[in-house]
Amino acid sequence: MSTLSSKHSFTNPTTTTVFYLFFAVQISTILASSPHVINFRSPNLFPEGLAWDPTGQHFLVGSLRHRTISAISDAGVVETLVSDTSLPENVTILGLAVDSRNNRVLAALHALAPLPSFNALAAYDLRSGRRLFLSALPSAEEGDKERAIANDVAADFKGNAYVTNSGGNYIWKVNEKGEASIFSNSARFTEHPVIINEKFSSCGLNGVVYNGKGYLLVVQSNTGKMFKVDADDGVARLVLLNEDLVGADGVALRNDGVVLVMSSRRVWLVKSNDGWSQGVVFDKIDLDDEGFPTSIVVRERERAYVLHGRVMEGILGNSSESFKIEEVRSPRESEGENVWMYVMVGIGLAYFLFWRFQMKQLVNNMNKKIN
C-alpha cells in the first residue's frame, strides 16, 4: 500500500499546479527583467566619453571639468584611475577607447573655447594609470578654418589610434609610439549640406569605430552621414543609408557586425550585407535626453550601454553630482528573444503534460495488477 500511495503522489493536482506555477513565475521573471541602470555620484564630473574595460570588468569615463579618468563598477562605485594634473588646466577629456592588446586606455583631450586651443591624445596604463605618452595633434597644412576639436577615438589591432576632429572635419592618426599625423582629410567629409539651427550644427565628424576588417566607420553629427574610411590609406567613402543619422554622436560595434549609433535622443541599429557600401537602419531605441546622452559601448553578451553625463549642464556652468550609465535594448530583437522563450515554455509544458499522462497510465496499470 505504501508503494501505491507514493505513486499516486505524482498525479496529485495540488503538486502539479504548484510545480507549474513555480515554473511559470521563473519564466515570467526572466521575460520581465529590467534593463541594467548604474547610478553613480561624483561632484561636477560631467563625463562625456565612455569605454568598457573587459579585463577590469568596469566602465571608464572621462570628465568635462576634471583631468581624470574614473572607473565605474556595475554597482556604481567610482574609483579614480587617472588624475593627470600635469595637463593644462580646464582641459576636457572627451572620447575614450580601451586598447586591450596594449593594456592601455586612450583619451582625446580638448580645451573648450575661449581657452587657448589644445588638442592631444593621451595614453595611460589600464592598471596603474601611469601616462605612457601625450601627443599633440597637428593642424592642417593650410591652417584650420574652424577651431579643431579632438572628439572621439578608436584603436586598431596594431596599436594605432584614430581621432576625429569635429571642427576641422578630418581624422588624426597616432601610432603605437605616440607619433601623430593627419590621416584622412577627404573632400567627402565636406560635400554634404549642414543641418543648421541645431545644437550640433557646428559638430562635424564625431563617433568612430574600427571594425576589425581594415576600415573605420565614422559618423558626422551635422549632416547625419556615415563614412567608411580605409585604415591603410585614409580614403573615405559615403555609406548609403536608408535614413540620415541626424545628430549622430557615439558609435559602437557588436560582435555580430551590427553598428549602434546614438544621438542625444535615440540609438539607431544599423547593419550591412556588402561590407558597408550600403547600410540599413533596422531598429531604433528612444532615449531620455534629459541627461544628455553622449556615448555608447558594448560589453559582453552584446549588451549595450549609454552614458548620461549631463554635459550640457556642465558647459552652461551648472553643478551636478548624479550621473548614470543605462543599458539599452532593441525592441525588435527583444521581441524575437521573447518569442523563442515562449516557444521553449510551450515545449516544456507539452513535455510535462506528456510525462504526467504517462505517469497516470502507469499508476492505472499498477492498480489493475494489484486489484
Side-chain angles (χ1 to χ4, degrees), residues 48-51 94-97 108 110 146 149-156 161-173 183-195 198-213 215-231 234-254 257-272 275-285 287 289 292-298 304 306-307 311 328:
E48 196 274 349
L50 176 70
L94 294 177
L96 295 175
H110 173 69
E146 301 291 339
I149 303 173
N151 196 327
D152 200 12
V153 58
D156 66 17
Y162 304 88
V163 184
T164 53
N165 179 352
S166 295
N169 276 309
Y170 56 79
I171 301 172
W172 290 287
K173 180 178 180 178
F183 170 66
S184 181
N185 195 0
S186 173
R188 301 287 83 76
F189 298 147
T190 55
E191 64 184 12
H192 303 283
V194 170
I195 301 167
E198 292 284 354
K199 57 189 175 186
F200 52 78
S201 295
S202 62
C203 184
L205 296 181
N206 200 331
V208 57
V209 66
Y210 179 72
N211 87 320
K213 298 181 180 179
Y215 54 85
L216 311 170
L217 292 173
V218 188
V219 293
Q220 193 169 46
S221 300
N222 56 11
T223 65
K225 304 300 183 184
M226 176 186 285
F227 301 94
K228 175 183 177 180
V229 182
D230 192 292
V235 172
R237 296 176 176 83
L238 177 69
V239 178
L240 299 177
L241 300 175
N242 57 330
E243 66 176 273
D244 287 337
L245 312 175
V246 177
D249 194 340
V251 183
L253 176 68
R254 295 195 324 201
V258 171
V259 171
L260 291 84
V261 181
M262 63 158 296
S263 71
S264 62
R265 298 174 181 174
R266 64 183 55 87
V267 176
W268 296 272
L269 282 80
V270 192
K271 61 183 178 181
S272 174
W276 293 100
S277 294
Q278 302 180 69
V280 175
V281 175
F282 69 90
D283 202 4
K284 303 174 188 179
I285 307 169
L287 297 176
D289 63 354
F292 199 73
T294 53
S295 190
I296 186 168
V297 296
V298 174
V306 167
L307 171 66
V311 173
V328 292

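Keep in mind that this is a model prediction, so the values were computed, not measured.
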Minimal heavy-atom distance between Leu307 and Gly49, with the atoms involved, is CD2-O, 3.6 Å
Name all residues meeting the salt bridge (charged side-chain N to carboxylate O under 4.0 Å, His left out) criterion together with Arg254; count only those two or more places apart in sequence or in a different chain, and write none if there are none.
Asp256, Glu333
Who passes salt bridge (charged side-chain N to carboxylate O under 4.0 Å, His left out) against Lys271, sequence neighbours left out?
none
Considering all heavy atoms of both residues, which atom of Ala304 and which atom of Ile296 are nearest to each other, and what is their separation?
CB-CD1, 4.5 Å
Any side-chain heavy-atom pair of Phe227 and Val239 under 4.5 Å
no
Could you tell me whether the side chain of Leu287 reaches within less than 4.5 Å of the side chain of Arg265, counting heavy atoms only?
no
For Leu238, run the side-chain contact (heavy atoms from CB on, under 4.5 Å) check against Arg188, His192, Glu191 and tell me which one passes.
His192
Kindly say whether Asp152 contributes a backbone atom to a donor-acceptor pair with the side chain of Thr164 at under 3.5 angstrom?
yes
Just by distance, with hydrogens left out, do Asn206 and Ser221 show a side-chain donor and acceptor under 3.5 Å apart?
yes
What's the separation between atom CD in Glu198 and atom OG in Ser263, rounded to the nearest 0.5 Å?
10.5 Å
On a heavy-atom basis, which atom in Asp289 and which in Ser264 lie closest, and how many Å separate them?
CB-O, 3.1 Å
Assess whether atom CD of Glu146 is packed by more than 12 heavy atoms of other residues, nucleotides or ligands within 6.0 Å.
no
Can you give me the closest heavy-atom contact between Arg237 and Val235, atom names plus distance?
NH1-CG1, 3.7 Å
Could you tell me whether a side-chain N or O of Asn165 sits under 3.5 Å from a main-chain N or O of Ile149, the two making a donor and an acceptor?
yes
Donor-acceptor under 3.5 Å (Asp249 side chain, Met262 main chain):
no
Distance, nearest 0.5 Å, that separates CH2 of Trp268 from NZ of Lys284:
8.0 Å
In this structure, CD1 of Ile195 is separated from CG of Asn222 (nearest 0.5 Å) by 7.0 Å
Donor-acceptor contact below 3.5 Å, side chain Asp244 vs main chain Val246
no
For Ser184 versus Phe189, what's the shortest heavy-atom pair and its separation?
OG-CE1, 3.6 Å
On a heavy-atom basis, the closest approach of Val209 and Leu253 is CG2-CB, 3.8 Å
Close side-chain approach of Leu245 to Val281, heavy-atom, < 4.5 Å:
yes
Do Gln278 and Asn242 come within less than 4.5 Å of each other through their side chains, counting heavy atoms only?
no
